[in-house]
Amino acid sequence: MKTQIQKIIGLLTISSLLFVSCETVDFGDENLNPNAVSKANTGALITGAMRNIPSIVSNVDSGVLYAQHVSEITYNDESCYETIQWNFDGFYSGPLMDLQTVINLNTADPTAYSSSGSAGMQMGVAHLLQVYMYHVMTDRWGAIPYSEALKGVDNLKPKFDDQKDIYMGLFAQIDAALGMLDGGGLSGDFMFNGNATSWKKFGNTMKMVMALRIADVDAATAQSKFLEAHNAGVIGAGGDIHYPYTAADANDSPWQDRFQSRDDYATSNTMVNHLVATSDPRLHKFAQPVGQAGDASGQVTYTTVDGKVYGGMPYGVLNPGILQSWVSYLPSDIIYTSAAKKGGMLYSYAQVAFGYAEAAQRGWTVPGDAQTWYGIGINASMTQWGVSSADAATYVASVGAASMQTIAEEKWVALYMQGWEAWSEWRRLDYPVLTPAIDILNGTGIPVRNGYGTTTASANKANHDAAVAKISGYSQDSKVWWDTK
Amino acid sequence: MKTNLFKFLTLSFMIMFQWSVAQKSVSGTVADDTGVPLPGATVQVVGTTNGVTTDFDGVYSITANEGDVLSVSYVGFATQNVTVGASATINVQLASDNSLEEVVVTALGITREAKSLGYAQQAVSGEALTKTKELDFRTALAGKVAGVQVISGTSSSYEPSAIRLRGETDILYVVDGIKVSASDINTDNIDNITVLKGAAATALYGSEAKSGVIVITSKKAKAGESYITVDHNTVVSNVSRLHPYQNEYGGGYYQDWDTFSYNPATDPASYAAFQGQNIPYYAADESWGPRMDGTQARHWDSWIPGHSEFGTTRGWSPNPNNVKNFYQTGMSSSTSLSFGKGGEDFSFRATGRATNGTLPLPNAGRDTYDVNINTSLNATDKLTVYASLNAKIQNTDNYASSGYGSIQSNMSQWFQRQLDMDRLAENYLVDGVFYTWNRRSARNARPQYWDAPQYEQFQNTNNNKNSTYSGNFGINYDIMEGLSANFEVKRRAYNRTSWGRGYVGQNTLNTQASYNEGSYTTENNEFAARLNYDKKVTSDFDVSAILGYGAGQNKTISTSASTSGGLAIPDFYILANSVDKPNYSTGRYNQSRISAFGLLSLGYKSMLYLDGSYRFDWQSTAASDANRVETFGVSGSFLFDKLINVDAISFGKLRAGYSEAPIFPGAYQTSPTYSSGTSYGSLASLAVPNTLSNPNLTGGMRTELEYGIEFKFLNNRLGLDVTYFDREDSNLPVAISSAASTGYTGLNVNSKITSSNGVEVMLSGTPIQNENLRWDVSVNFATMEKTVDFIYDGIERNILNSWLSWSSMDLQEIVGEEWGMLYGRKRRQDANGNWMYYASGNHMYDNNQLLGNIMPNFTGGINSNLVYKNWDLAVNIDFQDGGLYHSVTDMFSMASGQHEWTAGLNDKGNPKRDAVSAGGGIHQVGVYADGSVADIYRAPDSWAWGNWTRDDLWLVDASFVKLRQVRLGYTFNADQISKTPFSDISVAVIGTNLAILSETTDWGDYRGSKTPGLDPSELGAGWSGGSYASEGGQLPSARSFGLNVSLKF
């Protein structure tokens, strides 16, 4: 009995020793994530990246406020420039990385992802979308990581490139992308359905807008890039590029989500007063008549136009104590934009026309003269906003000569609800003259730059500090490279 | 063994009986080892039912035969057997059986003598834990174990508490060897608890136990027991602490009254009569409005069409208890029935408990049903089988949690002080239409920001149903003397389904109805096999060894779904009724592990003990080519009291140990994947995850060194236990934060190194002990400091939680600093400590400043148990020094004019809210940017809105001393209840969450002293993602009183 047991024990001990000597145990596929996809579908990555555009074109937070198109009603901190540090992390770890992955995967293996279209189309579109986002980012923050970005563990501390280098890099990236668009189809593209011509027009229009941006600091490059874009073909009348919002909750306008249970925004008095002063028929499209004309606090100015009373919300007053019903709201079709194009505009023909007007004004060799393009721009904007041709004609007849100032002012009106673009153009052209917020919380005037976020300041400290040191008097009042005046 | 003795004794009795020796009367005194007589001690003739108890003087008298063995026993003392000799007088002195012979349950359910353990552990009896019938196990543990910090959930809700043991929260809970979650535990069924603190104690459980194990043993029926017990308690609870509100000014943004202006073009003719009436600013969710001096005004409920008070004005007066009136008296009652019977060969115990209750929060309630069965059987003399089953079924209605946007954040942060809560309850729903205090205007009943608080609790309902089943089945086989084998299978299955609705009605804030449902199922299956060997090699030297193997698997499935775009058919809350395609997501998580281990213990002369263990673990979550971690531990203890022979020292032990524990990565971090996002119509979208996976991720290791010394003085009347631990985690598989411009915000790497150390002290004693009165008191105290040593090459900071405040406060780990640093906006001071101000009068500030560390300096508790004849009084206090968090309630209640400090008088003796030009305002002294003196008064609302983003204004020092539990009980004497069918009756009055005895009452700056508000010990969970660094809208704390009756048949 005893010996038997001893034998059993001996056997057990030996087998356990053998057992523990294995280095690894094969658990098979147990650690393969069943909740996510292991093989990339590049078309779906592009869809995902595109879905980030609404946060740019329908930005609710600050672009429309800095340009004083819109005013906050009760919580006016942002109108008074409360936030200085803004985070760009979401762009990099979100859509930019998704697009970079499409580019990397197709570069490594050009045929593996052909179910989503041709490698050329995939990479070309990915590059163009990257340029679009980087452009918005550099106009907001100035120097940002670009050439060393999106490399994962290969570069944990990307350096901040100067804005000048970023612009040149973006121009090169557009040109490369335009060359890749071979019309081989692209799935997941809900903006242009894989149409290479439309993408080329988008790329050229973007190039044209970027070229104008640097007109005051590098006129030579600006002019040459502008003309390149013109020759290659930009969008024409009726070719407005807007984000296709849907009625379904999942892909509706961010404005709609904001207004679901709160009414925090109204047309600003700056915009209303300007439209009233110039007898602009777009007033009826930009603002709603007031619910109850009567402001107990005495801050709202009421004007009657065509039998309707309008009152713009005073901009930049902290704790104004003004009721929603006393001011002019944003109209419903700005908020609920499924079929209409008023929200979510990337580039409009009006903006392009004003671009030509400005180019002509600067003496660049473009067809037509400034005054004609000026008129075309105004008319295009009127069409965009659904103003009747009769009213449009009356207005066009009343405007004066085209000059840098008048072009800038009309452009500012035409870019209504296009916060970042309007802010950038206002910074560049310095018209219309805008008064900073009355109860300014930070800085000395309307911000001309976004400060770097706190996460960047900690996570990429050395490069962040180096970039900050290059900006004399780094604050939201220090201009970016192309903003000379 | 037992069987043999019994047989022997029976035999000897029979022999004696045959010889018919005359029985005689034996008597004597039973006393303790100091000579104090012990009344009520039991003297029994072994093997018979002949037994008596000693009287008040400790004297007994029993009929016995020569050669009989008398067994003398008394609670708290070691039982002694004496043989009846020729003498008719036998006096017995019993030795107290405190930790000298105390047996504790350690890892894997192995019982060891406490004196032989070389590592820190602390035992708490089930009875001590449940003196006040606490339902949540974690809350019950507060203040009882050195090194355990309990962060309570808010006591007016069902929020669970969280435990930090030596600073870590990932503690393993084990009930009878089965791994469970703390919320599974039926506190009434606990026999005892052993808290195994360091890695040394947990070397036998593997990586899940690296931060400590709480080993719980359920009650079993002991041999010779046969009982039925009924236990019932009823507890009522009421809100006891609320934020300090001001009661001088009502709702609005400015103090002047608006008046009604009749507009003949749009108003009904009857409104002409309202001309000139005072109209409150209904739409304001702040209280900067007019003084509550009784002025007649048109309150919100005077605009309800068809209502008897339509059009009438009422005084604008304070309602100081309005928030308190929202809450009701919560009532909970619990009844349990247990029966048990044990014999030589078997043991069976079953218990069932039903608990039903409501909360102070209206319309919220919970029902819980527990069933626990524990049984074992000696099938043959070598084979024992055992099995246990624990089931818990729980339904919760309208569980509300703390956090911003919750019901309490509404009432504390965004409210109007004049509101009458009873009127809100009556009038929030009239004729099927909803009305709120926060109407957009006199003419527009739509809510501006908030529905009535009753709407949230009564219309946006949610329900939660969960069930847990856990159990085990095992076999013990004695192979030969000293050698046995054990095989056991165990399982825990947990399932929760929840559903909730977002209601929409006429005049509700939400214009789109919604419905969501979710389910979560997790199961854990384990198999364990062990070979145990025990041998006394020589009389001085004993050996025990264990060789073990285990395999386990976890499977979790969670799904959540919600409607999108509203409900197509109104009021029909079901997913299929979603207007757009419902949102639906599922997650599956599986992991497996295998382990093999060996343990060797040596004991020498009951004076020197040595333990060593070695362990291999393999887990599926590590890289497949390197998924093994080897760890070992060694600990020893040396009992030196016999060597030094000092009278005062009755026990002395030195302990030391070193151990290692593996730390494995979470599931699915080694494989690269793409996550799916919201689709665009029929087009699917994918995204690259923000954290980069790492195919080479392996397990890391925790090493711990521990030293301890234990003393018992004055015959065990006083005890002291001091432990020092030093722990290091290295090669940790973690997701560290990286600069987002790399494309990833986190990287999964093996690199982090952190270290922590601390001291734990337990002082216990019995200051008074005599025949009627005994007083035991214990104090425990612990410090802990954790430091971050290394994160990754080139990365000095890791952000753990960001955006904790509206101005991007975050919780960081920084190389070389203590773990848990809060960084955010801080007000600036000049070199002389003067506050610096902008021209506007707002504080100048700097971003990214160190605000403080969230971990406490020390924690501890005091437990006192007083027994006087039949009465017992138990008191539990727990305390904490330090610990920091950011309070959103403070921040917004100041900004919205709700907080007491925003009203009252300033240092000139004038009301703060009077115009500054009239002598009002808050006095601010300091300097401007250019150095010139700033000496100004600022209106409180400008001060609050101008400074709300300065995070350091709202930091709370969470130091506290809290009287948590008190119990006063009476146990009836045997003779008092002799005529009843019961063998034991006891009643008790219990109170929990009674009072905060000490807390921080100063703001720490010019704001001066601070009226106590939120309970600093109840941070609750959820708002700051488990880091407990921020409070978003804490529910109030509630005080409970109850009655408990326990009957034993």
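Letters A, B, ... are given to chains in the order of the sequence lines, protein chains preceding strands, and every chain is numbered from 1. Source: prediction; values computed, not measured.
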Heavy atoms of B:Y668 and A:N31 approach each other most closely as N-OD1, 2.9 Å

For A:Q100, is it the side chain, the backbone, both or neither that has a heavy atom under 4.5 Å from a heavy atom of chain B?
neither

Straight-line distance of A:K461 NZ to B:E796 CD, nearest 0.5 Å:
8.5 Å

A:N76 portion near chain B, given a 4.5 angstrom heavy-atom threshold
neither

Can you say whether B:Q812 sits under 4.5 Å from chain A via the side chain, the backbone, both, or neither, judging by heavy atoms?
side chain

Contacting moiety of A:L96, where chain B heavy atoms sit under 4.5 Å:
neither

Rounded to the nearest 0.5 Å, how far apart are OH of B:Y744 and CG of A:L150?
9.5 Å

In terms of heavy-atom pairs under 4.5 Å, which option from B:S592, B:A684, B:A284 contacts chain A the most?
B:S592

Side chain, backbone, both or neither: which part of A:D154 has a heavy atom under 4.5 Å from chain B?
neither

Against chain B, label A:N41 side chain, backbone, both or neither, depending on which of its atoms sit under 4.5 Å from a heavy atom there.
both

Residues that B:D580 engages under side-chain contact (heavy atoms from CB on, under 4.5 Å), provided they are two or more places apart:
A:A248, A:D249, B:S564

Measure A:T456 against the heavy atoms of chain B and call it side chain, backbone, both or neither at under 4.5 Å.
neither

Less than 3.5 Å apart, any donor N or O on the side chain of A:T454 or B:Y823 sitting next to an acceptor on the other?
no

What closest approach, in Å, do B:L686 and A:D98 show between heavy atoms, and which atom pair accounts for it?
O-OD2, 4.2 Å

Count the heavy-atom pairs under 4.5 Å between each of B:S671, B:S737, B:A485 and chain A, then report the option with the highest count.
B:S671

Choice from B:Y680, B:Y281, B:Y838 maximising heavy atom contacts with chain A below 4.5 Å
B:Y680

Considering only heavy atoms, which portion of A:D264 lies under 4.5 Å from any heavy atom of chain B: side chain, backbone, both, or neither?
side chain

Residues A:P158 and B:T742: closest non-hydrogen pair is CD-CG2, 4.0 Å

Tell me the closest heavy-atom pair linking B:Y845 and A:E82, and the distance in Å.
OH-O, 4.5 Å

What part of B:R588 gets closer than 4.5 Å to chain A, counting heavy atoms only: side chain, backbone, both or neither?
both

Segment of B:D625 engaging chain A (4.5 angstrom heavy-atom cut-off):
backbone

Looking only at heavy atoms, which two atoms of A:S93 and B:N690 are closest? And how far apart?
O-OD1, 3.0 Å

Check A:T24 against B:A626 and note the closest heavy-atom contact, atom names and distance.
CG2-N, 3.9 Å

Under a 4.5 Å heavy-atom cut-off, does chain B meet the side chain of A:I322, its backbone, both or neither?
backbone

Looking only at side chains, do B:W945 and A:D439 share a donor and an acceptor under 3.5 Å apart?
no

Considering only heavy atoms and a distance below 4.5 Å, find which of A:E148, A:K151, A:R51 pairs most often with chain B.
A:R51

Does B:S679 offer a backbone N or O that forms a donor-acceptor pair with the side chain of A:N251 under 3.5 Å?
yes

Heavy-atom pairs under 4.5 Å with chain A are the metric here; pick the option from B:A687, B:A739, B:S741, B:G252 that has the most.
B:S741

Identify which of B:G587, B:S261, B:S738 forms the greatest number of heavy-atom pairs closer than 4.5 Å to chain A.
B:G587

For the atom pair CD1 (A:I440) and OG (B:S840), what is the distance rounded to the nearest 0.5 Å?
10.5 Å

Exactly one of B:N590, B:N627, B:T621 clears side-chain contact (heavy atoms from CB on, under 4.5 Å) with A:F27, and that residue is B:N627

Most heavy-atom pairs under 4.5 angstrom with chain B, which of A:D89, A:V37, A:T47, A:N155?
A:V37

Using heavy-atom distances under 4.5 Å, tell me whether B:N694 contacts chain A through its side chain, its backbone, both, or neither.
neither

Output the option from B:Y253, B:Y792, B:Y674 having the highest count of non-hydrogen pairs under 4.5 Å with chain A.
B:Y674

Measure distances from B:W450 to the heavy atoms of chain A and classify the residue's part below 4.5 Å as side chain, backbone, both or neither.
neither

In Å, rounded to the nearest 0.5 Å, how long is the span from CG of A:D29 to OG of B:S620?
11.0 Å

Answer whether the closest heavy-atom distance between the side chains of A:V153 and B:V749 falls below 4.5 Å.
no

Just jot down the salt bridge (Lys or Arg N to Asp or Glu O under 4.0 Å) partners of A:D161, sequence neighbours excluded, or say none.
A:K159

Given a strict heavy-atom distance threshold of 4.5 Å, which part of A:Y75 is in contact with chain B: side chain, backbone, both, or neither?
side chain

